[in-house]
Amino acid sequence: MDNNEKFISDTLKDMISRLDERMKFVQESLIRIHNDINAERVATDVKIETTNDKINQVKKWTEENFVKKDTFSPIQKIVYGVVTLIMTGVFGAILGLVLIK
């Protein structure tokens, strides 16, 4: 092998060696990124589960502490009837005052 071929061979070996080192670095970086993504996914799953639990608690609290429409309907009718009677009396009194004068 002449000097030129030896130089090319050594240069190629160096280049391959550097490429190999870079590939190892890229692989390590990808593994680190993959692990970080998995950790974030697990954390996100926990947050979603916690949020779902809180939503269920709010739903349960709402069902326990608020009146549903079907149970409120009879009370609504009574209140509307009383308000109608009061308003009729007030308008009748005003009409009576206007017609007397």
Side-chain angles (χ1 to χ4, degrees):
M1 207 187 308
D2 64 352
N3 280 341
N4 196 16
E5 287 178 0
K6 186 174 186 325
F7 175 75
I8 291 174
S9 175
D10 289 342
T11 304
L12 286 175
K13 286 179 184 177
D14 287 343
M15 289 176 71
I16 290 172
S17 173
R18 280 187 264 142
L19 283 173
D20 198 31
E21 289 175 19
R22 289 179 185 168
M23 286 303 296
K24 286 180 184 177
F25 176 75
V26 168
Q27 285 176 339
E28 290 170 358
S29 296
L30 287 174
I31 290 171
R32 232 182 358 259
I33 290 170
H34 181 265
N35 291 339
D36 290 346
I37 289 173
N38 281 339
E40 287 293 323
R41 184 186 55 79
V42 168
T44 302
D45 289 345
V46 169
K47 289 178 184 177
I48 289 172
E49 187 176 322
T50 303
T51 303
N52 286 338
D53 290 343
K54 288 180 181 180
I55 289 171
N56 289 333
Q57 288 174 356
V58 168
K59 284 181 181 178
K60 183 179 177 184
W61 181 85
T62 303
E63 290 174 357
E64 292 173 353
N65 293 307
F66 288 104
V67 178
K68 295 180 182 174
K69 189 174 183 177
D70 58 338
T71 58
F72 182 68
S73 181
I75 296 170
Q76 181 182 12
K77 290 177 183 176
I78 293 170
V79 170
Y80 282 178
V82 170
V83 169
T84 302
L85 287 174
I86 292 171
M87 295 301 288
T88 304
V90 169
F91 286 128
I94 292 173
L95 188 61
L97 288 174
V98 171
L99 292 178
I100 290 177
K101 291 186 179 183

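The shown structure was predicted, so the numbers you read here are calculated from the model rather than taken from an experiment. Side chains included, hydrogens not; waters and symmetry mates left out as well; all remaining heavy atoms used.
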If you apply the rule side chain to side chain contact (heavy atoms under 4.5 Å, CB included), what do you find for T50 with K54, and how did you get there? CA-CA 6 Å; T50 303; K54 288 180 181 180; 3.9 Å; yes

Transitive ILVMFWY cluster of [X] at side-chain heavy atoms under 4.5 Å: who else is in it?
X   : value
I48 : none
I33 : I37
L30 : V26

Sort and list the pairs that fulfil ring-ring contact (aromatic ring centres under 6.0 Å, His included) and have at least one residue in residues 11-54, not counting sequence neighbours. none

Listed partners of D10 passing salt bridge (charged side-chain N to carboxylate O under 4.0 Å, His left out), at least two apart: K6

Pairing residues for R41 by the salt bridge (charged side-chain N to carboxylate O under 4.0 Å, His left out) criterion, not counting sequence neighbours: D45

Listed by chain and number, what are the side-chain hydrogen bond (donor to acceptor under 3.5 Å, both in side chains) partners of R22, not counting sequence neighbours? none

List for me each residue that meets side-chain hydrogen bond (donor to acceptor under 3.5 Å, both in side chains) alongside S17, sequence neighbours excluded, and say none if there are none. none

Check: residues 77-100 side-chain donor-acceptor pairs under 3.5 Å, at least two apart:
from, atom 1, to, atom 2, distance (Å)
Y80, OH, Q76, NE2, 3.2
T84, OG1, Y80, O, 2.7
T88, OG1, T84, O, 2.7

Ignoring hydrogens and angles, write down the donor-acceptor pairs under 3.5 Å from the side chains of residues 55-66, residues two or more places apart or on other chains.
from, atom 1, to, atom 2, distance (Å)
N56, ND2, N52, O, 3.3
T62, OG1, V58, O, 2.7
N65, ND2, W61, O, 3.0

